[in-house]
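Below is one structure, written out as structure tokens; the observations come after it.
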Amino acid sequence: MSRRASTFDRLALKEQVLINRQMRGLGELNNEFQKIDQMRQKLDEMAREQVPNDGEQIAGTFRVTAQLNHQIRKQLETASNRCDHLAIELQNMRKKIALSGRRREKSVGKADELRTKERNERDKKREDDEASRRRANQA
């Protein structure tokens with residue numbers, strides 16, 4: 001095996017290790033995204049359920065309800081922002097994995113190409129040597 005081919009093999013292996021590491025990170029980001037999305041959905045349900053009661057109420061009840069509603073809305077906004085951020089991170093991570101995969105495939109292809117070229121050159125040289133021996137034996 002030539003040095004150049006083994007260099008490309010090592011590059012392909014390095015890219016595969018990077019892809020594996022990125023896939024683990026992608027899984028963790030995806031899990032976090034799902035958890036936050038579920039929390040966002042629950043907060044959204046809670047915000048929709050905060051309907052004022054009909055009938056007489058005291059000012060303290062209004063104040064407590066308003067504070068609770070404000071806190072729910074604030075947490076909902078935070079969860080929505082986090083979901084948006086994680087969606088962008090997931091998209092970027094997938095792009096990085098795809099690029100690493102292409103680099104790995106390119107390195108593997110180049111290593112295979114070099115091996116094929118070397119094999120063809122060895123075969124050609126062996127055929128030339130055999131032809132030279134046959135001519136020398138015939139003479």
Side-chain angles (χ1 to χ4, degrees):
M1 181 187 320
S2 76
R3 269 179 70 125
R4 287 189 65 201
S6 66
T7 301
F8 284 108
D9 283 334
R10 285 191 302 258
L11 283 173
L13 186 60
K14 180 180 176 184
E15 289 297 331
Q16 186 61 47
V17 168
L18 180 62
I19 289 170
N20 290 342
R21 188 178 308 133
Q22 289 172 335
M23 290 298 283
R24 281 193 301 271
L26 181 68
E28 291 172 8
L29 276 177
N30 199 27
N31 288 339
E32 186 176 346
F33 177 78
Q34 289 175 354
K35 288 177 186 176
I36 291 177
D37 191 47
Q38 287 175 354
M39 183 176 68
R40 185 189 56 77
Q41 289 173 0
K42 288 178 184 176
L43 286 169
D44 191 42
E45 288 174 19
M46 289 173 64
R48 280 189 263 124
E49 290 174 358
Q50 292 293 323
V51 179
N53 294 337
D54 291 337
E56 291 184 22
Q57 293 183 352
I58 17 183
T61 307
F62 280 130
R63 201 171 22 254
V64 169
T65 304
Q67 286 176 343
L68 179 62
N69 195 18
H70 177 71
Q71 288 176 352
I72 290 172
R73 297 263 180 221
K74 190 175 179 181
Q75 289 178 357
L76 179 61
E77 181 182 353
T78 302
S80 294
N81 289 341
R82 185 70 179 141
C83 280
D84 293 343
H85 176 73
L86 284 174
I88 292 169
E89 286 293 319
L90 285 167
Q91 184 179 12
N92 290 338
M93 186 69 78
R94 288 184 184 113
K95 284 180 186 178
K96 287 179 183 179
I97 290 170
L99 289 173
S100 294
R102 285 190 209 113
R103 282 193 305 265
R104 183 191 145 292
E105 290 171 6
K106 192 173 181 178
S107 294
V108 167
K110 187 69 173 175
D112 290 343
E113 180 184 313
L114 287 170
R115 280 193 199 90
T116 303
K117 183 178 175 183
E118 288 175 2
R119 190 176 327 116
N120 290 340
E121 287 175 2
R122 280 194 311 262
D123 290 346
K124 183 178 177 183
K125 184 177 179 184
R126 188 179 58 232
E127 288 173 7
D128 289 346
D129 289 345
E130 288 174 4
S132 296
R133 283 188 212 125
R134 275 185 269 155
R135 275 189 249 129
N137 288 340
Q138 289 176 355

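Starting from 1, each residue takes its place in the sequence as its number.
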Roughly how far, to the nearest 0.5 Å, is the CD atom of E130 from the CZ atom of R135?
12.0 Å
Calculate, to the nearest 0.5 Å, the distance between atoms CE and CG belonging to M39 and L76 respectively.
9.5 Å
Does some side-chain heavy atom of K14 sit less than 4.5 Å from a side-chain heavy atom of V17?
no
Which residues satisfy the salt bridge (charged side-chain N to carboxylate O under 4.0 Å, His left out) test with R40, sequence neighbours excluded?
D37
If I compare all heavy atoms of A12 with all of R104, which pair ends up nearest, and what's the gap?
O-CG, 3.5 Å
R122 and K125, any side-chain heavy atoms less than 4.5 Å apart:
no
Quick one: pull up CD in Q22 and CD in E15 and give me the separation to the nearest 0.5 Å.
8.0 Å
Specify the closest pair of heavy atoms between A5 and A111, including all atoms of both residues, with the distance to one decimal.
O-CB, 3.6 Å
Does E121 reach the side chain of K117, with side-chain heavy atoms less than 4.5 Å apart?
yes
Determine, for R126 against D123, whether the closest basic-nitrogen to carboxylate-oxygen distance falls under 4.0 angstrom.
yes
Take E32 and R82 through the side chain to side chain contact (heavy atoms under 4.5 Å, CB included) test and state the conclusion after the steps.
CA-CA 10 Å; E32 186 176 346; R82 185 70 179 141; 2.5 Å; yes
Check this for me, if you would: do K124 and D128 make a salt bridge, where the nitrogen-to-carboxylate-oxygen distance has to be below 4.0 angstrom?
no
Consider only side-chain N and O atoms of R4 and T7, and report whether a donor and an acceptor are under 3.5 Å apart.
no
Using links of under 4.5 Å between side-chain heavy atoms of ILVMFWY residues, direct or through other members, which residues join I36 in one cluster?
I19, M23, L26, L29, F33, L86, L90, M93, I97
Just how far is it from atom CZ of R103 to atom CG of L11, taken to the nearest 0.5 Å?
10.0 Å
Distance col, row S80:OG vs L43:CG, nearest 0.5 angstrom, shows 8.5 Å
If you round to the nearest 0.5 Å, how far is SG of C83 from NE2 of H85?
11.5 Å
